[in-house]
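Okay, so here's the structure we're looking at.
Just so it is clear: chains get the letters A, B, ... in the order the sequence lines come, proteins before strands, and each one is counted from 1.
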There are 2 protein chains.
Amino acid sequence: MDDEIVEPGTGGRRWVTSADVAREAGVSRAAVSRAFTPGASVAPETRRRILAAADAVGYRPNAIARSLNTRRSGIIGVVITEIANPFYARLLEALGIALQERGLMPLVSVAPDPEATDELLVRLLSYQVDGVVVASATLSSGIAARCAAARTPIVLVDRRAGEHGREAALVGADNVGGGHLVADLLAAAGHRRHAFLAGIEATSTSTERERGFVSGLAAHGLTLTAREVGRFSYVGGRDAALRLLGRADRPDAVFCANDEMALGLMDAARATFGLRIPQDLSVVGFDDTPSAALASYRLTTVAQDVTELAEAAVTAVQEHTGSVAASARYRLIPCRLVLRESARLPPPPASTLHDPNAMTTAAVPPSGRMPAAG
Amino acid sequence: MDDEIVEPGTGGRRWVTSADVAREAGVSRAAVSRAFTPGASVAPETRRRILAAADAVGYRPNAIARSLNTRRSGIIGVVITEIANPFYARLLEALGIALQERGLMPLVSVAPDPEATDELLVRLLSYQVDGVVVASATLSSGIAARCAAARTPIVLVDRRAGEHGREAALVGADNVGGGHLVADLLAAAGHRRHAFLAGIEATSTSTERERGFVSGLAAHGLTLTAREVGRFSYVGGRDAALRLLGRADRPDAVFCANDEMALGLMDAARATFGLRIPQDLSVVGFDDTPSAALASYRLTTVAQDVTELAEAAVTAVQEHTGSVAASARYRLIPCRLVLRESARLPPPPASTLHDPNAMTTAAVPPSGRMPAAG
DNA sequence: ACGACCTTTGCACACGTGTGCAAAGCTTTC
DNA sequence: GAAAGCTTTGCACACGTGTGCAAAGGTCGT
């Protein structure tokens, strides 16, 4: 192997090519190509000889050169935000694995804020990605149109379509259904004064969880007693607890739009108000992050099936490779309750044993309604 | 723009090319190329005309085609494991941002287990990545040699070199120094019976943290009273607490190789042994995960500077693009103590105020010793 | 053995772009 | 105006591979 010869002007690198294999195996480069192309016509003995030669010289087809030819890179862009957030961390891991299992590679862009999404998408497009999964923000119409022109399908995860619903497939947790689950649980357990702790006002995840909760209570003839905003953070949850729990009509159950706020609220309820959980106050979170299972919290929460979310997103991208994602196509993934000890339960026979490994209720079917425009 | 004409055999996609821009601007494709190549010779007026035309037709250079020419893809492979683990999540986020800021793109491979690393690396090589950051496992010598042949530098993060130290740069936290910090803190606070809770026996992170702790105690004329293995997990930490705290010579301080085990140990110490933390038992973790700051734990811990770790890794990759990483090159990033409330402190004047926002001590300089071969 | 049919193979071109080099064009100096 | 020097420009080839197509080779049936 004489690859130590460095050609000038090639950045000091030279790759093992199909020409090296062809020489070694005594065939043409076309035969080498065909030996590595599923379904291509090549004699079995020739193929064997080529693969042996490829192994000997350390050759593997250049995916970059292939993609120039085939117009398929095998690369899927993934635009994501806050990887340190447990939900996004799990989502990215699940996306990565789902893509790898299908022979695809995730080219990851980390959006420091939602506004960076457009710029990152343009950069991804220049790498001729076969599709993009966006879990950071909604898209501007300019970018959506640009992806459509390039026949690069977009799949939005847990985001609302807005005015460009025609150019993106949408995949998301059934947040409304999740809110319903919580309402059903708390109402059945006899709570009288329910509160909702929102994340950030403009976010669809927060508003949908609230909508499910409110409509679920209404189905039991109940209304929301109190509502605060906690900014999706531990500190925000703790601060909101001061306002919620200081009321004369103090809630006896609080549904928090995410786990982190729920933990903050629990700590403040105990430390500042001396409340026992769940005896004096039931608390329910959303997302089933690892902290929810800690013995100091044992948080009852709603879990998204992140693996299925990722599978659905990857499937949607694959179904539309080379074209434009079908318009107004939305896939809802059902949520499920994870019962631990932070919320009082309905009386038996509906209740089941609690053990350190949380029990999970059956998922409710997706609510089936299309989400409102963002 | 007539890109609706779909050529047969092209996967249904056609990209806007430099030929479209050339036609629009009345120049050659070479001029278009030069307008987008920094330092290339092109008249300012011509350049302006070309950029306007490119904007009008929605053109951006095809990074794939460029990389075929230049032998530089601008893509860096990142092999990582357990993204849901807070440390790896933060590392990946920091790597992503550091790469993006340098105009590089991370092609991410998620290793379900360390054994998958080799196979994932081969796949990354076929995408002609400019380098690889590996944070999942050490490498086999076959793969390391292959990367060297391709002049694709490897940077290992928090991994030991093993027998292929010549082909990879190494970047990692100064775990030994971190262990020293803990020993100094606990000894100065007057603890008499120190214990170490290891993660997994064969891992360098656990053994180095232990080594720093033990040698730090020795410098104070102290020895380790007890030692257990917690498998880096919450449950493991809880189980180990039963063994550690049930001893006749019960430790008054425990240094855990990671935060997760520390939380488990704290929960068991309180619930099973009725111990107060830190009055009866001081507990120190490692990694400063988000859970460490929860009010129910307020864990004193050792933080790695993940941002600096990522910066160092990306810098190392960039310095060696097109060549082989320098042999036996190791960059240690100092750790720092994050003082919260789980460990008793030395008496004043050394002590400072504690507030809900944890105080941090100055980082100790790296221990400066080369790590032992894995 | 010959013809029909099928399989395999190599040639040459395509994919989109960067660049060496020669020619064209422009600017400065005398 | 002419010569020298500098800048700009387009051509044609390279990069590594996939594939249409024609030629070569192999197999089967009569």
Side-chain angles (χ1 to χ4, degrees), chain A residues 3 6-23 25-50 54 57-74 125-128 150 322, chain B residues 3 5-23 25-50 54 57-74 125-128 150:
Chain A
D3 66 349
V6 178
E7 289 96 342
T10 59
R13 297 172 96 189
R14 183 197 168 271
W15 298 314
V16 177
T17 71
S18 61
D20 300 311
V21 180
R23 206 153 36 231
V27 296
S28 70
R29 289 177 295 129
V32 174
S33 177
R34 275 192 289 258
F36 282 94
T37 305
S41 177
V42 62
E45 167 57 24
T46 306
R47 187 160 189 272
R48 190 202 57 73
R49 209 164 73 238
I50 288 167
V57 300
Y59 171 79
R60 185 179 174 106
N62 182 334
I64 297 288
R66 280 192 160 220
S67 68
L68 203 52
N69 256 327
T70 62
R71 302 186 186 241
R72 293 296 166 86
S73 61
L125 284 180
S126 76
Y127 279 89
Q128 319 306 123
Chain B
D3 67 348
I5 300 175
V6 178
E7 289 96 345
T10 60
R13 296 173 96 191
R14 183 198 168 268
W15 297 313
V16 177
T17 69
S18 60
D20 299 312
V21 179
R23 206 156 32 235
V27 296
S28 70
R29 290 178 294 123
V32 174
S33 177
R34 274 191 288 259
F36 283 94
T37 304
S41 176
V42 62
E45 166 58 24
T46 306
R47 188 161 188 272
R48 189 202 58 73
R49 210 163 72 238
I50 288 168
V57 300
Y59 171 80
R60 185 177 174 106
N62 182 332
I64 297 288
R66 281 190 159 222
S67 69
L68 204 51
N69 255 328
T70 62
R71 304 191 185 234
R72 294 295 166 88
S73 60
L125 284 181
S126 75
Y127 279 89
Q128 321 304 124

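Each of Pro44(A) and Arg29(A) was matched to the nucleotide of DNA chain C holding its nearest heavy atom; the match closer to the 5' end belongs to Pro44(A). For the pair Ser28(A) and Pro61(B), nearest-nucleotide mapping onto DNA chain C gives the more 5' position to Ser28(A).
With sequence neighbours excluded, no residue forms a side-chain hydrogen bond (donor to acceptor under 3.5 Å, both in side chains) with Ser28(B). For Arg60(A), there are no side-chain hydrogen bond (donor to acceptor under 3.5 Å, both in side chains) partners at least two apart in sequence or on another chain. For Ser73(B), the side-chain hydrogen bond (donor to acceptor under 3.5 Å, both in side chains) partners two or more places apart in sequence, or in a different chain, are Asp130(B). Applying the ring pair (Phe, Tyr, Trp, His ring centres under 6.0 Å) rule to Tyr127(A) yields no partners; only residues at least two apart in sequence or on another chain are considered.
Close to dT17(C), at under 4.0 Å from its OP1 or OP2, lies a side-chain N or O of Tyr59(B). For the OP1/OP2 pair of dG16(C) and a distance below 4.0 Å, the side-chain nitrogens and oxygens of Thr17(B) include no atom meeting the criterion. For dT8(C), the OP1/OP2 oxygens have no side-chain nitrogen or oxygen of Arg47(A) closer than 4.0 Å.
Applying the salt bridge (charged side-chain N to carboxylate O under 4.0 Å, His left out) test to every pair with at least one member in residues 27-36 of chain A, sequence neighbours left out, gives no pairs at all.
Residue-level contact check: Ala30(A) touches the bases, meaning some heavy atom is under 4.0 Å from a base atom. Among the protein residues, Val32(A) comes within range of no part of the nucleic acid, since none of its heavy atoms lies under 4.0 Å from any strand. Within 4.0 Å (heavy atoms only), Thr46(A) reaches sugar-phosphate atoms of the nucleic acid but no base atom.
Using a 4.0 Å cutoff on non-hydrogen atoms, the parts of residues 35-42 of chain B near DNA chain C are Thr37(B), ordered by number.
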